[in-house]
Amino acid sequence: MKHAVVILAAGLGTRMKSRLPKMLHPLLGKPMVAYGVETALRSGAEKVVVVVGHGLEQVREALKGYGGLEFTVQEQQLGTAHALMQARRVLEGFDGPVVVTQGDTPLTSVETLTGLVEALGHEGMALLTMRLDNPTGYGRILRDKRGEIVANIEHKDATPEQREIKEINAGIYCFDSHVWEALEHVSNDNAAGEYYLPDLIRVYRERGRRVVGLLSDDPSELLGVNSRAQLAEVERVLLSRLREHWMTQGVRMIQPETIYLEPTVELAPDVTLWPGVVLRGHTRIGEGCEIGAYCVLTDMELEPHVTLRPHVVAESSVMKSGSDAGPFARFRPGVLVEEGAHVGNFVEMKNTRMRRGAKAGHVSYLGDTDIGEEANIGAGTVVANYDGQRKHKTVIGKRAFTGSNSTLVAPLEVGDGAYIAAGSTVNKAVPEDALAIARARQENKEGYVKRLRERRG
Ligand code: UD1
Ligand code: CA
């Protein structure tokens, strides 16, 4: 019999101290709630129901890319049992096992979910527990002399002795179809005045139904996020899993614990990542690339054997084999750096193509520019691509050369092989093989300074 999954995601998340609904706090660039949703979908559930409340529209919006979800709204946050009650109208009549997870417990694996369904068998309820050295904040599991679970006591309601208990409720359950009726017997007579879902342990037992506890041997999987510190802890676990994965695939990481990457990133064997590298979005890095310290890449595509020196900040651009950039280069969206081209320090580019073997070694701004093969952009070259209203294009020919500190006023064409003299401001097309000089002529006033000095005595 297939199971259903209900994800509780309506809570206020006050302990995050944030305007952003807790469910939307990002973990490696993806909203927290999406992790639980993906696990539920992959577990082969027949139905996946998300209970939303706080930040309703935003949470729905964040999950709109996932098919097969049903939403139900908890108008008032009266507790986890009350939240589950909101799924009743969607699941009434469904008589398979009902798995309940919490949207703030994002690391739970598919195997753990399906394992819980198996542990349930045909009737009663099953829940995941774990032992924590520091169980503060979690519900404590009370067992009787025979080791049977008899109740869960929330931290707030626990006596000092009960707070010593290290076994806690992970907040992940599986119920038989009696759960709806059982929920009616949960009370809110407790420190928080809330309807507590784990109170179902008591209700099930009072009715002589089976309560099975499954003690997890991987507590990191069941970490709940209530605070910023726990969010950071969960992100740390996700990151170390990802790094491990890529290292097994042949990636070299120097000081791996300093490297940040998102699950959407793809890396090839023999990529080297130096400390402090940040890789985000759909960044893809080809074989043998070397990414220098503190590079930040978002949605970048690097073909094999590209070298980035330290501190390159780049997004939504492509670098072809054998090209290189940095240190301190900045790519804004739409840059294409072709084979063997070189981007040096303090070069900013946007919507620009550097054809094969072109070079821009130092301190430049290049926007909306097509730079010909083997062209050389001198230090301090600035393309004035914006007239205050519109952007214009600049085309620089093959093997052309722009002298230091030249300003190219777009729209502009510089012909193949042409030169621009240093310090020129060029706003007319430069023909092929011509030299353009556009600067005031120098005049030397002989003896001028000497006369000045003499006059002043
Ligand atoms: C809960 C459990 C606790 C367990 C811990 C594990 C209860 C009462 N306590 O505590 O035993 O050790 O999880 O992480 O269940 N939610 C709603 N509506 C509500 C309240 C909460 O949808 O009215 C959702 C929240 O969005 C969250 C989940 O339920 O995803 C758990 O709520 P939270 O307040 O975080 O419970 P904990 O104090 O962590
Ligand atoms: Ca929680």
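For reference, positions follow the sequence shown, starting with 1. When a ligand or atom number is given, it counts from 1 through the structure's own listing order. Scope of the values below: all heavy atoms of this structure, side chains included, with no hydrogens, waters or symmetry mates.
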Problem set entry | Side chain T72, main chain Q86, donor-acceptor under 3.5 Å | yes
Problem set entry | For atom 2 (C) of ligand 1, the protein heavy atom that lies nearest, with its residue and separation | E154 OE2, 3.7 Å
For this session: Could you list the atoms of ligand 1 found under 4.0 angstrom from a heavy atom of A170?
Result: 6 (C), 14 (O)
Exercise. So, R355 and E338, do they make that salt bridge, N to O below 4.0 Å?
Worked result: no
Exercise. Less than 3.5 Å between some nitrogen or oxygen of Y196 and one of ligand 1, yes or no?
Worked result: no
For this session: Tell me which protein heavy atom sits closest to atom 14 (O) of ligand 1, plus the residue, atom name and distance to 0.1 Å.
Result: Q102 NE2, 3.4 Å
Seminar exercise, completed: In this structure, atom 38 (O) of ligand 1 is nearest to the protein heavy atom R15 NH2, 3.3 Å
Exercise. For ligand 1, is any non-hydrogen atom under 4.0 Å from P198's backbone (N, CA, C, O), its side chain (CB onward), both, or neither?
Worked result: side chain
For this session: Would you check the N or O atoms of V51, main chain and side chain alike, for any that come under 3.5 Å of an N or O of ligand 1?
Result: no
For this session: State, without any angle test, whether T402 and T381 hold a side-chain donor-acceptor pair at a distance under 3.5 Å.
Result: yes
Exercise. For ligand 1, does Q230 get within less than 4.0 Å through its side chain, its backbone, both, or neither, judged by non-hydrogen atoms?
Worked result: neither
Problem set entry | Y35 side chain vs L27 backbone, donor-acceptor pair below 3.5 Å | yes
Problem set entry | Flag side-chain contact, heavy atom, 4.5 Å: L84 against V51 | no
Exercise. Would you call R210 and D176 a salt bridge, taking side-chain N to carboxylate O under 4.0 Å as the test?
Worked result: no
Exercise. Looking just at side-chain N and O atoms, do Y66 and E38 make a donor-acceptor pair shorter than 3.5 Å?
Worked result: yes
Seminar exercise, completed: The closest protein heavy-atom partner of atom 32 (O) of ligand 1 is T80 CG2, 3.8 Å
Problem set entry | Check: Y365 and N385 side chains under 4.5 Å, non-hydrogen atoms | yes
Exercise. Can you find an N or O of D104 that's nearer than 3.5 Å to an N or O of ligand 1?
Worked result: yes
For this session: Could you tell me whether a side-chain N or O of R131 sits under 3.5 Å from a main-chain N or O of K166, the two making a donor and an acceptor?
Result: no
Exercise. By number and element, which atoms of ligand 1 are closer than 4.0 Å to a non-hydrogen atom of N152?
Worked result: 11 (O)
Problem set entry | Any V277 side-chain heavy atom under 4.5 Å of Y294 side chain | no
For this session: Check each atom of ligand 1 against the heavy atoms of Q77 and keep those under 4.0 Å away; list them by number with element.
Result: 23 (O)
Exercise. Can you tell me which residue and heavy atom of the protein come closest to atom 22 (O) of ligand 1, and the distance to 0.1 Å?
Worked result: A10 N, 2.8 Å
Exercise. Quick one: which ligand 1 atoms are inside 4.0 Å of a heavy atom on K22?
Worked result: 35 (O)
Problem set entry | R88/E184 salt bridge by N-O under 4.0 Å criterion | yes
Exercise. Atoms of ligand 1 less than 4.0 Å from A83 heavy atoms?
Worked result: 17 (C), 18 (N), 22 (O)
For this session: Inspect the contact between R252 and D270 and indicate whether a charged nitrogen and a carboxylate oxygen are less than 4.0 angstrom apart.
Result: no
Problem set entry | Heavy atom of N226, distance to ligand 1 below 4.0 Å | yes
Exercise. When you measure from the centre of the six-membered ring of F71, is the NZ or CZ of R60 under 6.0 Å away and within 45° of the axis?
Worked result: yes
Exercise. Would you say T105 has any N or O atom under 3.5 Å from an N or O of ligand 1, going by distance alone?
Worked result: no
For this session: Using a 4.0 Å heavy-atom threshold (strictly under), name the region of H82 that reaches ligand 1: side chain, backbone, both or neither.
Result: neither
Exercise. Tell me: protein heavy atom nearest atom 30 (O) of ligand 1, and distance?
Worked result: L8 O, 2.9 Å
Exercise. So does N226 have any N/O/S atom less than 3.0 Å away from the Ca ion (ligand 2)?
Worked result: yes
For this session: Show which atoms of ligand 1 fall inside a sub-4.0 Å distance from at least one heavy-atom site of M23.
Result: 26 (O), 30 (O)
Exercise. What part of E194, side chain, backbone, both or neither, has a heavy atom within less than 4.0 angstrom of ligand 1?
Worked result: neither
Seminar exercise, completed: Quick note on ligand 1: atoms under 4.0 Å from a heavy atom of G139 include exactly 3 (C), 4 (C), 11 (O), 12 (O)
Exercise. With respect to atom 23 (O) of ligand 1, which of G79, G36, G137, G13 exhibits the smallest heavy-atom separation?
Worked result: G79
Exercise. Under 4.5 Å between any side-chain heavy atoms of M130 and I168, yes or no?
Worked result: yes
Exercise. Relative to the heavy atoms of G103, which atoms of ligand 1 are at a distance of less than 4.0 Å?
Worked result: 30 (O)
For this session: Give the residue, atom name and distance (to 0.1 Å) of the protein heavy atom nearest atom 4 (C) of ligand 1.
Result: N169 O, 3.1 Å
Exercise. Going by an N to O cut-off under 4.0 Å, is there a salt bridge joining R236 and E257?
Worked result: no
Problem set entry | Closest approach of any protein heavy atom to atom 16 (N) of ligand 1, naming residue and atom | G11 N, 3.6 Å
For this session: Ignoring hydrogens and angles, state whether a donor on the side chain of D157 or N190 is under 3.5 Å from an acceptor on the partner side chain.
Result: no
Problem set entry | Under 3.5 Å: donor-acceptor pair, side chain of Q230, backbone of S227 | yes
Exercise. Which bit of L12 is near ligand 1, meaning a heavy atom under 4.0 Å away: side chain, backbone, both or neither?
Worked result: neither
For this session: Provide the atom name of the closest N, O or S atom of D104 relative to the Ca ion (ligand 2).
Result: OD2
